[in-house]
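One structure is given below, encoded as structure tokens.
Note on naming: letters A, B, ... go to the chains in the order of the sequence lines (proteins, then strands), and numbering restarts at 1 for each one. Owing to the predicted nature of the structure, the values given are computational and were not obtained by experimental measurement.
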Amino acid sequence: MRYSKALIPSLREVPKEAVNPSHVLLLRAGYIRMVGAGIYEMLPLGKRVLEKLSRIVREEMDAAGAQEVLLPALLPSDYFRETGRYDTFGDTLFRLTDRKGQECHLGPTHEEIITDLVRRDVKSYKQLPLNLYQIQSKFRDEPRPRAGLLRCREFIMKDAYSFDVDEAAAVTSYETMREAYHRIFRRLGLDYRVVQADSGAMGGSTSAEFQVLTQTGEDRLVACDRCDYAANVEVAEARFVPAERVESTNAITKIATPGKGGIDDVVAFLGGDVTAKRMLKSLLFVADGEVVMAVVRGDREVNEIGVARALGAADIRLATEQEVREATSAAVGFAGPVGFKGRIVIDREATQVVDAITGANETDAHLGNVNFGRDFQAEVAAIRLVEAGDGCPRCEGTLESYRGIEGGHIFILGTHYSEKMHATFLDADGKAKPFVMGCYGIGVSRLMATAVEQHHDENGIRWPMSIAPYQVIVTPLGKDAAVQEAAEGIYGELRAAGIDVLLDDRDERPGVKFKDADLLGIPLRITVGGRGLERGVVELKARTEAQAREVEKGSVVAETKASIEAALVR
RNA sequence: CGGGGCGUAGCGCAGUUUGGUAGCGCGCACGGUUCGGGACCGUGAGGUCGGAGGUUCGAAUCCUCUCGCCCCGACCA
């Protein structure tokens with residue numbers, strides 16, 4: 001492609017709505033344009049990146065035995081009514097009514113419609129296993145679209161659905177997908193981790209997230225520095241070594257702590273050998289409408305989702321100030337487990353604190369010498385938030401913390417959808433059984449932004465070779481006829497060799513061309529200048545390296561091919 | 001949905017407090033000088049001041065309503 005003919009509307013200044021690196025750079029480099037909140041146009045460069053991503057996904061899905069389909073995005077809502085999701089999806093669904101008054105919506109995900117397809121056309125166990133996938137636009141009216149392509153209302157997703165005869169076969173399908181996802185993410189050139197996550201309200205049992213590690217991700221993760229343990233902090237556990245139980249004979253004492261509600265305040269106020277580790281932090285939550293208390297050691301934070309899981313609650317939130325006052329008859333900051341009337345969950349580590357200091361459930365007062373078991377009872381669970389430096393629960397390693405962006409998520413769904421939708425097949429024993437399903441998503445358009453989040457510098461994008469819109473940019477400097485001719489020659493040869501190449505034939509100064517090349521993030525740049533040409537050389541420079549190297553003009557095409565090959569992960 | 005901020009030329013912004021008929025930089029077009037990391041000079045095109053209503057002789061500016069966008073939080077198959 002000739003730059004002079006390409007629609008690459010790069011911007012010198014940062015559009016003010018953009019904050020995230022990927023958003024800023026994709027906008028500035030002319031890959032995307034915003035049309036509305038969470039709605040973007042893919043310009044030629046953006047479209048090329050999407051195609052490269054999609055091709056890799058397709059190749060690996062096909063290789064894993066999945067078959068591509070294309071389901072409608074415009075869906076009659078009857079299918080969602082069968083599973084009750086027409087209501088549970090709530091305002092996230094883009095709803096519309098056709099001219100006959102039939103209710104429709106734009107598909108946010110396609111479990112129902114694919115299950116309907118399979119129940120109509122698949123009747124026998126002999127047709128299983130089956131894995132169908134598509135790459136298609138999804139629509140979700142997010143409460144808060146943000147960060148450019150990272151959280152959109154219309155986005156492109158690869159979604160696959162597997163159908164199996166039983167749970168064991170479904171696990172096989174799931175594992176096949178897991179392997180395919182590993183190959184996909186490796187080929188994309190992304191640093192990622194497979195993590196355990198909260199499977200949410202999907203009704204799924206087994207699930208894993210493919211998290212791409214970035215500075216700005218929405219999700220907080222921990223991963224072991226020794227083994228492959230990795231988990232979303234929502235579900236992560238730290239190694240726990242039970243200590244020998246010490247029984248205290250010290251009686252509870254009341255301590256006046258006027259105006260000192262927070263842990264840090266109390267520690268500072270009491271001084272001496274009182275540390276946060278001696279304190280018990282008591283937080284009140286409302287879980288499924290009931291006020292409950294969660295207790296962790298004073299130097300820890302509570303994992304809210306962990307509390308909900310420990311309680312078996314579907315819904316949880318922090319109690320309001322007023323609810324705290326009603327439940328403890330004290331101001332916020334003075335809650336404690338002793339005498340608390342209601343369910344209490346305590347972190348297992350906090351049960352070991354001897355002669356602890358806790359809130360007294362009385363404003364401006366704390367209790368000293370509080371001991372779990374002796375002075376209060378509670379359900380024990382792992383409810384503290386795991387931190388970097390904590391021990392790995394599986395090995396002797398140490399957990400490190402990361403931020404990640406969910407690039408893929410795989411689930412075993414079981415018969416959740418097939419039972420509700422009466423999607424059955426006849427098994428070898430002649431009995432009708434519901435399909436055992438799995439679903440597997442990859443956020444294709446999100447991955448485009450994710451790759452930029454992970455691969456950029458102050459000058460622009462640094463695409464991994466496999467998904468760069470062009471692999472090479474040829475940059476002739478000046479209008480010298482010999483330079484033009486040499487650049488055209490190299491451009492022609494690279495194209496003939498099947499390489500994606502952009503020729504910067506614009507009448508621009510060298511600085512402009514270099515800045516744009518860096519901004520666009522093309523992995524390799526061949527610079528053709530008059531001075532070098534006199535000596536028969538051109539420059540070959542990788543976007544990720546500071547220095548260019550001189551290459552004989554006659555061998556630059558071969559060198560470029562070799563560099564591309566080396567950069568592609570197979 | 002709660003809190004905060006912003007809508008003026010393609011992009012970034014000033015002008016709004018104190019009403020007087022819209023400006024700067026970048027980009028764009030044309031001419032010239034330049035040419036290895038976002039050159040310089042000159043000329044020029046380009047704006048329903050987010051929208052509606054109101055106050056006024058007169059509204060980007062004041063009032064009312066409304067729409068949109070961004071950030072934090074809630075939410076996120």
Rounded to whole angstrom units, what separation is found between the [atom1] atom of [X] and the [atom2] atom of [N]?
X: A/D91; N: B/A74; atom1: CG; atom2: P; answer: 18 Å
X: A/L93; N: B/C75; atom1: CG; atom2: C1'; answer: 16 Å
X: A/L27; N: B/G27; atom1: CG; atom2: P; answer: 19 Å
X: A/R509; N: B/C40; atom1: CZ; atom2: C1'; answer: 9 Å
X: A/H23; N: B/C69; atom1: NE2; atom2: P; answer: 12 Å
X: A/I8; N: B/G27; atom1: CD1; atom2: C1'; answer: 16 Å
X: A/L519; N: B/G37; atom1: CG; atom2: C1'; answer: 13 Å
X: A/I39; N: B/C69; atom1: CD1; atom2: P; answer: 8 Å

Out of [options], which nucleotide sits closest to the side chain of [X]?
X: A/L477; options: B/G38, B/G36, B/C6; value: B/G36
X: A/P510; options: B/G12, B/C11, B/G36; value: B/G36
X: A/R525; options: B/C70, B/G36, B/G37; value: B/G37
X: A/R151; options: B/C75, B/C76, B/C13; value: B/C76

Considering only the [atom1] atoms, how many Å lie between [N] and [M], rounded to the nearest integer?
N: B/C67; M: B/G47; atom1: P; value: 28 Å
N: B/G31; M: B/C49; atom1: P; value: 34 Å
N: B/U16; M: B/G20; atom1: C1'; value: 14 Å
N: B/C26; M: B/A39; atom1: P; value: 11 Å
N: B/C63; M: B/U18; atom1: P; value: 10 Å
N: B/G23; M: B/G37; atom1: C1'; value: 32 Å
N: B/U17; M: B/G7; atom1: P; value: 15 Å
N: B/G50; M: B/U8; atom1: C1'; value: 10 Å

Using heavy atoms to find the nearest nucleotide of RNA chain B for A/A37 and A/R28 separately, return the residue whose nucleotide is more 5′.
A/R28

Pick the nucleotide of RNA chain B nearest each of A/M34 and A/G511; which residue has the one closer to the 5' end?
A/G511

If only side-chain N and O atoms of A/R144 are considered, is one of them under 4.0 Å from the OP1 or OP2 phosphate oxygen of B/C75?
no

N/O (side chain, A/R12) to phosphate O (OP1/OP2, B/C11) under 4.0 Å:
no

Taking the inter-plane angle between the rings of A/F80 and A/H105 on a 0 to 90° scale, is it parallel (under 30°), tilted (30 to 60°) or perpendicular (over 60°)?
tilted

Under 6.0 Å from the six-membered ring centre of [Y] and within 45° of its axis: does the NZ or CZ of [X] meet both?
X: A/R85; Y: A/Y79; answer: no
X: A/R119; Y: A/F435; answer: no
X: A/R33; Y: A/Y40; answer: no

With both distances under 3.5 Å as the test, what is the Watson-Crick or G-U wobble partner of [N]?
N: B/G23; result: B/C13
N: B/U56; result: none
N: B/U43; result: B/A29
N: B/G7; result: B/C67
N: B/C49; result: none
N: B/G73; result: B/C1

Classify [X] by what it touches in the nucleic acid, base, sugar-phosphate, or nothing, heavy-atom distance under 4.0 Å.
X: A/P15; value: sugar-phosphate
X: A/G36; value: sugar-phosphate
X: A/G529; value: base
X: A/K513; value: nothing
X: A/A147; value: sugar-phosphate
X: A/E539; value: base

Between A/H182 and A/Y192, does the ring centroid distance fall short of 6.0 Å?
yes

Does the ring centre of A/Y470 sit less than 6.0 Å away from the ring centre of A/W463?
no

No-hydrogen, no-angle side-chain donor-acceptor test under 3.5 Å, A/Y133 and A/N131:
no

So for [X] and [N], does any side-chain atom that can act as donor or acceptor lie under 3.5 Å from a complementary atom in the base?
X: A/D516; N: B/G38; result: yes
X: A/E13; N: B/G27; result: no
X: A/R146; N: B/C71; result: no

Per the salt bridge (Lys or Arg N to Asp or Glu O under 4.0 Å) rule, what does the pair list look like for residues 531-540 of chain A, sequence neighbours excluded?
A/R535-A/E550

